[in-house]
Amino acid sequence: MAEKITPRSVDYSQWYIDIVLNAKLADYSPVKGCMVIRPRGYAIWERLQAELDRRFKATGHQNAYFPMFIPMSFLKKEAEHVEGFKPELAVVTHAGGEELEEPLAVRPTSETIIWSKYRDWIQSWRDLPLLYNQWANVVRWEKRTRLFLRTTEFLWQEGHTAHETKDEALKETETMLEVYRAFAEEYLCLPVVAGRKSDAEKFAGAVATYSIEAMMQDKKALQAGTSHFLGQNFAKAFEVQYQTREGGLDYVWATSWGVSTRLLGAIIMTHSDDKGLVLPPSLASEEIVVVPIFKTDNKAAVLEYAGKVVDALKADGRRVVFDTDDGSSPGWKFAEWEMRGVPIRIEAGPKDAANGTVVMVRRDTGEKTFVKVDEVPAKARETLAAMQKDLLEKARAFQDANTKDVADRDELVRFFGKEKGKLDADGELHEGTVEAPGGFARGLWCGGRDCEAQLKADLKVTIRNLPFGQQDGCDGACCLCGEPAKHRAIFARSY
RNA sequence: CGGGACGUAGCCUAGCGGCUAAGGCGCCAGCUUUGGGAGCUGGAUAUCGGGGGUUCGAAUCCCCCCGUCCCGACCA
């Protein structure tokens, strides 16, 4: 049978698509750029969502829901916001068989409609803070889409909070970025760099944007989550004032923060291999698949033996699937469950029954071990915990190995080379070669918008963020222009 | 919005003016098998993306349209 998945070394982009389609996570839709999330993909989203929701509630947030239709006039109230989103808006002009008096935008994000209501709900400092989140779909008409990473419609959560003071809002922005960082690393096994975005890359309408950035296996960066300090911009645009403790009147301070179904793309591209999906155990709706191996004459005995293993695992709280289908061979099942990313496979056949053992196989390492039947639940628990830890460590080691400090522009150019796909000019360094490996480059930056824009134009490399905790000792020269530096930045090509 | 590739059964592909559109995978039934994607037999599934034109005759040639993917441009 033909190989279903294109190896990463042949075509990384195709490999990613093959995984998504073959693992039945998502499929294309009749409408360009949109995506159908299939049950196996949606189940991952649900687990991710449940855990994140738990963490939001634990930090004092409540869920609400606002409509998806936003009057066009609302979007125009914040100047930068409308400029940023205008090119990607879907707008409803007709409904109920008539042309609408005012067109309705399908939300690209909900700041405007939410702040229009916050105006009604906030009068005094006693009404603050409002710590709301919503799980919703949004639509952004992007020119170029990719399954999970950038789709016309996507699912996300958006937190929108209102505060009495600037400090409180800033603290919220930081707290939520930290929630994302911890969630990404602990639950998704995604090591990330947390930091502040440059002005050029910040959210339209924000005073400051913070992000977590992950490194994919092709060494490109993926923005995995953002948290914005919105200052008083939206409060002013929507005239949301409150009576202060001192009896004065002031505008409310705001934040917003979100992660989306893009995280599924990040998980796939970080952990998976040429055999298919690799999932952190935390996200797997099936942690273990038990494959019985039988012949017609010993089928009943093998099923009984394997069934006891399944029962023992379930009793220990494991999520188990028992693949008793006799229409496909064991080999077929092995390949199929590997493609689907089930963390542990247990094989139980007549030889095992005779020895009182089973074969346990780890999806990430392929390691096979013989386990005594009464030790299976404990060994499974231990293996799943080890996988959760190892996947993060492996990804972190990869990120560290592909992060390099650069001092000047020459070094930066040599690190990145020319981007792939621009192989016309021979004799130049190209991305992905030994001489120009690419990855995250860490260097000093003067803070100049022109420097950054020039780098993007020349090399397609952008500043991902200015990492927190790495901003000391920035008194050298900007690695782009040589002027005195103000920040330490992570430079990378990104999705 | 530019450049490229493409659209034939659920999927992949052949057919590139001429008989009833061919094959593989998958699917269904039965038998047989099962420790890394098994085998045999039988079966179902196509208005050849849509519309128009040329022709005695179009999946095939021409025109228009629609759609998808890839690469750019764009993108909190």
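Both backbone and side-chain heavy atoms feed into the values below; hydrogens, waters and symmetry mates do not. Computed from a prediction, not measured in an experiment: that's the story for all the values here.
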Between A:Glu201 and A:Thr462, a side-chain donor and acceptor under 3.5 Å: no
Between [atom2] of [N] and [atom1] of [X], the distance in whole Å:
{"X": "A:Glu80", "N": "B:A76", "atom1": "CD", "atom2": "C1'", "answer": "11 Å"}
{"X": "A:Arg464", "N": "B:A76", "atom1": "CZ", "atom2": "P", "answer": "11 Å"}
{"X": "A:Gln14", "N": "B:C12", "atom1": "CD", "atom2": "C1'", "answer": "13 Å"}
{"X": "A:Lys333", "N": "B:U33", "atom1": "NZ", "atom2": "C1'", "answer": "12 Å"}
{"X": "A:Asn465", "N": "B:A76", "atom1": "CG", "atom2": "P", "answer": "16 Å"}
{"X": "A:Leu149", "N": "B:C70", "atom1": "CG", "atom2": "C1'", "answer": "15 Å"}
{"X": "A:Arg493", "N": "B:C75", "atom1": "CZ", "atom2": "C1'", "answer": "18 Å"}
{"X": "A:Asp18", "N": "B:C11", "atom1": "CG", "atom2": "P", "answer": "16 Å"}

[options]: which one has an atom nearest the side-chain heavy atoms of [X]?
{"X": "A:Ser13", "options": "B:C70, B:G37, B:A76", "result": "B:C70"}
{"X": "A:Tyr28", "options": "B:A76, B:C69, B:G35", "result": "B:C69"}
{"X": "A:Lys351", "options": "B:G36, B:A76, B:G35", "result": "B:G35"}
{"X": "A:Ile293", "options": "B:G36, B:U34, B:A76", "result": "B:U34"}
{"X": "A:Glu88", "options": "B:A38, B:C75, B:A73", "result": "B:C75"}
{"X": "A:Ile17", "options": "B:G35, B:C75, B:C70", "result": "B:C70"}
{"X": "A:Thr296", "options": "B:G36, B:U34, B:A76", "result": "B:U34"}
{"X": "A:Ser329", "options": "B:C75, B:U34, B:A38", "result": "B:A38"}
{"X": "A:Phe294", "options": "B:A76, B:G37, B:U34", "result": "B:U34"}
{"X": "A:Ala204", "options": "B:A76, B:G35, B:G37", "result": "B:A76"}

Does [X] contact [N] through a side-chain donor or acceptor facing the base, at a distance under 3.5 Å?
{"X": "A:Arg140", "N": "B:C75", "result": "no"}
{"X": "A:Glu201", "N": "B:A76", "result": "no"}
{"X": "A:Thr226", "N": "B:A76", "result": "yes"}

When the [atom1] atoms of [M] and [N] are compared, how many Å lie between them, rounded to an integer?
{"N": "B:U55", "M": "B:C1", "atom1": "P", "answer": "36 Å"}
{"N": "B:C28", "M": "B:C70", "atom1": "P", "answer": "31 Å"}
{"N": "B:A5", "M": "B:C11", "atom1": "P", "answer": "23 Å"}
{"N": "B:G23", "M": "B:C40", "atom1": "P", "answer": "16 Å"}

What verdict does the ring-ring contact (aromatic ring centres under 6.0 Å, His included) test give for A:Trp257 and A:Phe56, after you've listed the backbone C-alpha separation in whole Å, the side-chain angles of each residue and the deciding distance to 0.1 Å? CA-CA 11 Å; A:Trp257 27 273; A:Phe56 291 159; 5.1 Å; yes
Both A:Ala348 and A:Lys202 contact RNA chain B. Which one's nearest nucleotide lies toward the 5' end? A:Ala348
Most 5' of A:Lys456 and A:Asp352 on RNA chain B, judged by nearest nucleotide: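 Result of the comparison: A:Asp352.
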Regarding [X], tell me which of base, sugar-phosphate or nothing describes its non-hydrogen contacts under 4.0 Å with the strands shown.
{"X": "A:Lys368", "answer": "base"}
{"X": "A:Val291", "answer": "nothing"}
{"X": "A:Pro350", "answer": "base"}
{"X": "A:Arg262", "answer": "nothing"}
{"X": "A:Gly349", "answer": "base"}

Here's a test for you: under salt bridge (Lys or Arg N to Asp or Glu O under 4.0 Å), which of A:Glu336, A:Glu338, A:Glu287, A:Glu286 qualifies with A:Arg345?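 The salt bridge (Lys or Arg N to Asp or Glu O under 4.0 Å) with A:Arg345 is passed solely by A:Glu338 among A:Glu336, A:Glu338, A:Glu287, A:Glu286.
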Taking the ring of A:Tyr132 and the ring of A:Phe66, is the distance between their centroids below 6.0 Å?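 No, the ring centres sit 6.0 Å or more apart.
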Taking the six-membered ring for Trp and the single ring otherwise, decide whether the centroids of A:Trp115 and A:His81 are under 6.0 Å apart. no
May I ask you to verify if any side-chain N or O of A:Lys295 is less than 4.0 angstrom from the OP1 or OP2 atom of B:U34?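 It does, given that an N or O in the side chain of A:Lys295 lies less than 4.0 Å from OP1 or OP2 of B:U34.
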Does A:Lys460 have a side-chain nitrogen or oxygen under 4.0 Å from the phosphate oxygens OP1 or OP2 of B:A73? yes
Could you tell me whether A:Arg181 and A:Glu178 have a side-chain N and a carboxylate O separated by less than 4.0 Å?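 A salt bridge links A:Arg181 with A:Glu178.
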Decide, yes or no, whether a salt bridge links A:Arg363 with A:Asp273 under the criterion of side-chain N to carboxylate O below 4.0 Å. yes
I'd like to know if the side chain of A:Lys333 and the backbone of A:Asp325 have a donor-acceptor N/O pair within less than 3.5 Å.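 At least one qualifying donor-acceptor pair exists.
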Identify whether NZ of Lys or CZ of Arg in A:Lys77 sits under 6.0 Å from the centre of the six-membered ring of A:Phe74 and within 45° of that ring's axis. yes
Checking A:Arg262 against A:Phe154: charged group under 6.0 Å from the ring centre and within 45 degrees of the axis? no
For Watson-Crick and G-U wobble pairs within 3.5 Å on both distances, what is RNA chain B written in dot-bracket notation, | included for inter-strand pairing? ((((((((.[[[[.)..(...]]]].(((((.......))))).....[[[[[..)....]]]]])))))))....
